[in-house]
Amino acid sequence: MIFGEFKRQSAQQQYDQQLIDLSEQGTLTQYIPADKTRHWQDKQTTLIQHTVWNTLESHADTGPLYDLEAQIVCTAWARIDNRDELAQHLAMNATDTTVPDIQFILNSYKKWGEHCVNYLLGDFVFVIWDARKKTLFCARDHMGVRPIYYHLSEQNFLFATTLKVFVDLKGFDLSPSKQWMAEYLTDLSMSFDKTPYQTIQKLAPGHCLIITPNKTELRQYHQLSGETSLQLNSTEEYVAAYQEQLKKAIQCRLRSDYKVGSELSGGIDSSTITAYAAQGIPNPEQNLHAFGFARLAQEPEYIHAISQRHPMAATHVFSNYAISTEAKKQLNRTLNILGYPVEHGNATGHEPFYQMAEQFNIRTLLSGHGGDEFVTTSASVALDEWLHDKKWQQLYHNVKGNPITRVLRVIKRVKKQSQQINPRFAHAFKQRWQHQIINQATADEFDLYQKIMATARFDAGYQRLNDFTLKNRWAPFVSTRMENCSLMAAARKIEYRWPLLDVRLVELFLSIPSEQKYAQGMGRILHRRAIDHIVPHKVTWKATKHMGENKIKHDNPSLYLPELSEELHPNLTELIDPNKLAQQKQYTLPCNNYEKVQVRKNLNNLHWLNQWLETIVKDSK
């Protein structure tokens with residue numbers, strides 16, 4: 001965790017001493033612990049770093065790191081994955097475990113200045129104060145693994161990797177955003193750059209921020225390209241190229257001085273990560289643990305297939321995790337870690353993994369998140385691409401079915417070509433909208449219905465697979481999940497790592513032609529071919545993601561949702577329809593599935609917001 005202040009101009013309200021006190025008095029470490037805390041300060045700048053040891057090199061991290069000769073100081077929450085490559089440019093020793101990753105960041109800035117981000121690979125947020133230039137430089141990694149939030153005014157610049165820092169500052173304006181709350185209630189709040197607070201922004205993935213006393217520049221230093229530029233001679237060559245980069249993406253994330261954990265659902269993404277980890281970690285029988293849920297009927301079978309093929313220290317399977325009880329206990333703790341209501345449910349839903357990992361002193365948790373959005377996409381939009389390019393023979397041979405049904409499916413796809421909305425999604429969203437508790441005035445003010453229905457487009461109207469990937473699947477929920485999960489895991493000294501969102505792997509995948517990603521009615525074909533030698537056949541070639549029916553049944557949300565108080569916070573009462581809320585609080589069966597899903601979401605989201613407003617926001621006044 002890092003946080004600090006840059007005084008741009010003389011200001012009545014300064015926070016430097018408060019920030020130091022938050023660090024030294026343990027206000028923050030009681031929720032997000034650290035192995036080492038340290039700060040650096042001059043007249044203009046205060047930089048604070050809370051370091052958690054993970055890799056061998058991290059034990060040598062005494063950041064903030066100061067270079068006296070260059071008059072540059074760096075604070076970072078980072079893991080750099082291309083130390084070997086950087087070492088060649090910077091005349092450093094990549095294998096020297098006494099040289100922490102923060103040193104590579106600082107030396108990169110010394111050599112390349114603000115363009116250092118073009119050379120760094122890994123999961124990072126960092127802030128550099130250049131005293132000679134009177135410039136503060138902030139950067140976030142390409143895919144947005146870890147968050148960095150900031151407040152910018154003419155007088156000062158405040159930053160932190162958790163919003164809880166801002167919550168704990170006395171005298172700081174924490175006015176909640178009405179629009180964010182309305183969008184949170186309708187599951188639209190996730191954003192690359194917005195937060196729940198009017199005065200705080202978030203640095204978007206692949207962006208950097210340059211601040212001087214008089215100027216500010218927000219710059220996007222990296223953008224994924226949709227050009228399919230890689231041209232090889234055969235399918236085998238594409239598979240080999242992808243396989244090599246996939247192995248690198250996983251291998252570089254196994255660097256740790258502690259035991260490693262891997263999420264394992266039995267699906268193709270988590271199975272890939274776990275299988276490669278088992279081959280890449282020394283003594284996996286002692287040093288690798290897998291964590292999974294068995295809520296769906298087939299999950300135990302597929303989890304077992306991986307565990308049997310690749311021996312590990314243990315496979316921890318949670319078959320009947322008490323979501324309701326744990327959610328009630330976790331709510332206040334989560335608010336004190338994130339500083340706002342959780343936006344992605346996996347962050348709190350995977351709490352049993354974090355608890356168990358903490359018991360075994362596991363400080364790395366691998367996840368297959370991001371596969372569906374990029375490298376293991378179902379890729380069915382490739383059919384629309386071939387249709388648009390009039391590649392009729394290729395289209396015909398790659399749709400499902402026998403010769404007759406293939407013809408019918410091609411005709412059906414031609415008819416669907418003009419659709420700009422996915423009918424299945426549109427029907428579901430319209431049904432659920434009927435049970436939203438937002439009042440009409442709020443819905444109109446923020447165009448909520450239009451925004452919800454815009455998401456119902458999904459894959460409709462796209463004529464290129466990469467366009468669909470970059471304009472639809474590369475969305476805020478991808479980085480929001482990583483932000484939320486990274487902080488919740490960090491509260492137990494665990495570092496999340498996401499190999500399938502390695503920017504080099506993603507860029508390679510996007511550069512490969514679509515015909516390598518979809519074949520004969522089956523998606524994920526490139527990835528399947530690449531992992532066939534290491535992941536069991538039944539997992540690799542499973543036709544769908546469906547794992548059977550949910551074994552845990554919830555017939556009534558009152559069974560597991562916290563009760564709402566009679567008095568809602570005034571900021572909420574102005575957003576909701578009181579009649580709908582009263583009706584849903586008395587929720588009874590029978591009802592349809594759309595209603596059940598939406599009522600659960602409504603009451604859960606409302607409870608999070610109410611608790612946040614009553615505690616976090618009120619206490620900051």
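What's counted below: heavy atoms across the whole structure, side chains too, no hydrogens, waters or symmetry copies.
- When atom types are taken as modelled, the side chain of Lys7 and the backbone of Asp16 share no donor-acceptor pair closer than 3.5 angstrom.
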Open item on the list: Does Met1 form a side-chain contact (heavy atoms from CB on, under 4.5 Å) with Thr29? I'd like the steps, not just the answer.
Closed with: CA-CA 10 Å; Met1 178 166 57; Thr29 52; 5.6 Å; no

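- The local environment of NZ in Lys471 is sparse, with at most 12 non-hydrogen atoms from other residues, nucleotides or ligands closer than 6.0 Å.
- With Arg481 contributing its side chain and His344 its backbone, the two residues share no donor-acceptor pair below 3.5 Å.
- The line from CG of Leu331 to CH2 of Trp608 is 4.0 Å long, rounded to the nearest 0.5 Å.
- Counting only distance, with no hydrogens or angles, the side chain of Lys170 and the backbone of Gln18 share no donor-acceptor pair below 3.5 Å.
- A cation-pi arrangement, defined by a distance under 6.0 Å to the six-membered ring centre and an angle within 45 degrees of its axis, is present between Arg457 and Tyr462.
- Of the charged side-chain nitrogens involved, at least one lies within less than 4.0 Å of a carboxylate oxygen, so that Glu483 and Arg140 count as a salt-bridged pair.
- Side chain to side chain, Thr51 and Gln49 meet the donor-acceptor criterion of an N or O pair below 3.5 Å.
- Checked by atom type and distance alone, the side chain of Asn439 pairs as donor or acceptor with a backbone atom of Leu575 at under 3.5 Å.
- Contact of the Gln103 side chain with the Leu106 side chain is registered, since non-hydrogen atoms from C-beta on lie closer than 4.5 Å.
- Between Gln44 and Lys134, some side-chain heavy-atom pair lies under the 4.5 Å cut-off.
- Here the side chains of Thr469 and Leu224 are not in contact, with every heavy-atom distance at 4.5 Å or above.
- Annotation for Ala456 and Phe425: closest pair O-CB, 3.6 Å, computed over non-hydrogen atoms.
- Here Phe159 and Trp129 keep their ring centres 6.0 angstrom or further from each other.
- Taking 4.5 Å as the limit, some side-chain heavy atom of Glu24 sits within range of a side-chain heavy atom of His39.
- Checked by atom type, the side-chain pair Thr212/Asn214 shows no donor-acceptor distance below 3.5 Å.
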Task: side-chain contact (heavy atoms from CB on, under 4.5 Å) evaluation trace for Leu365 with Tyr354 - done: CA-CA 9 Å; Leu365 186 58; Tyr354 315 150; 3.9 Å; yes

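- Judged by distance alone, with hydrogens and angles left aside, the side-chain atoms of Asn602 form no donor-acceptor pair with the main-chain N or O of Leu581 at under 3.5 Å.
- Inspection of the Tyr340 and Asn484 side chains reveals an N or O donor paired with an N or O acceptor under 3.5 Å.
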Task: Leu28/Thr37 under side-chain contact (heavy atoms from CB on, under 4.5 Å): CA gap, chis, key distance, verdict - done: CA-CA 11 Å; Leu28 297 171; Thr37 63; over 6 Å; no

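- Taking 4.5 Å as the limit, every side-chain heavy atom of Trp40 sits out of range of all side-chain heavy atoms of Leu65.
- When all heavy atoms of Gly261 and Ile362 are compared, the pair lying nearest together is N-CG2, 3.4 Å.
- The structure places OH of Tyr119 at 14.5 Å from CG of Asn107, a figure rounded to the nearest 0.5 Å.
- Nearest heavy atoms, Asn466 versus Gly226: ND2-O, 2.9 Å.
- For the pairing with Asn156, the side-chain contact (heavy atoms from CB on, under 4.5 Å) check across Gln14, Glu5, Gln9 returns one residue only, Glu5.
- In this structure His435 satisfies the ring pair (Phe, Tyr, Trp, His ring centres under 6.0 Å) test with no other residue, sequence neighbours excluded.
- Atoms CG and CH2, from Leu86 and Trp112 in turn, are 5.5 Å apart once rounded to the nearest 0.5 Å.
- In the displayed structure, Lys178 atom NZ is contacted under 6.0 Å by more than 12 heavy atoms of other residues, nucleotides or ligands.
- Counting only heavy atoms from C-beta outward, the side chains of Val145 and Trp498 approach each other to under 4.5 Å.
- Considering only heavy atoms from C-beta on, Trp180 stays 4.5 Å or farther from Tyr197 through its side chain.
- Checked against side chain to side chain contact (heavy atoms under 4.5 Å, CB included), Ala160 has the following partners two or more places apart in sequence or in another chain: Phe3, Val165, Phe166.
- Phe172 has its ring centre less than 6.0 Å from the ring centre of His151.
- Lys133 and Glu114 are not joined by a salt bridge, as no carboxylate oxygen comes within less than 4.0 angstrom of a charged side-chain nitrogen.
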TODO: Begin from the C-alpha positions of Ile48 and Ile20 and carry the test side-chain contact (heavy atoms from CB on, under 4.5 Å) through to its verdict.
DONE: CA-CA 7 Å; Ile48 303 171; Ile20 293 172; 4.3 Å; yes

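- Side-chain contact check for His142 and Glu507: no donor-acceptor pair (N or O, by modelled atom type) lies under 3.5 Å.
- Within 6.0 Å of the CD atom in Glu154, the count of heavy atoms belonging to other residues, nucleotides or ligands does not exceed 12.
- The aromatic ring centres of Phe429 and Trp433 sit 6.0 Å or more apart.
- For Gln41 and Thr46, the side-chain atoms include at least one donor-acceptor pair closer than 3.5 Å.
- Annotation: side chain of Gln436 is not in contact with side chain of Tyr449 (no heavy-atom distance under 4.5 Å).
- Within the 3.5 Å criterion, the main-chain N or O of Ile2 finds no donor-acceptor partner in the side chain of Thr75.
- Of the possible polar contacts, none joining the His50 side chain to the Pro33 backbone as a donor-acceptor pair under 3.5 Å is found.
- Between the side chains of Asn579 and Gln583, no donor-acceptor pair of N or O atoms lies under 3.5 Å.
- We find the SG-CE distance between Cys485 and Met488 to be 9.0 Å, quoted to the nearest 0.5 Å.
- Side-chain atoms of Thr195 come within 3.5 Å of backbone atoms of Ile200 as a donor-acceptor pair (strictly under, hydrogens ignored).
- Side-chain N or O atoms of Tyr184 include none that pairs as donor or acceptor with a backbone N or O of Leu606 at under 3.5 Å.
- Salt bridge Arg146/Asp141: absent, no basic N to carboxylate O contact under 4.0 Å.
- Looking only at atom types and distance, the side chain of Gln198 has no donor-acceptor partner in the side chain of Ser175 under 3.5 Å away.
- With rounding to the nearest 0.5 Å, the separation of CD1 in Ile437 from CG in Leu603 is 6.5 Å.
- Between the side chain of Ser58 and the backbone N or O of Asn54, at least one donor-acceptor pair lies under 3.5 Å.
- Closest approach of Met482 to Gly144, counting heavy atoms only: CE-O, 3.7 Å.
- Looking at Arg8 and Thr216, their side chains do bring a donor and an acceptor atom within 3.5 Å of each other.
- The salt bridge (Lys or Arg N to Asp or Glu O under 4.0 Å) contacts involving residues 58-81 comprise Asp67-Lys110, Arg79-Asp81, Arg79-Asp123, Arg79-Glu495, Asp81-Arg253, where partners must be two or more places apart or lie in separate chains.
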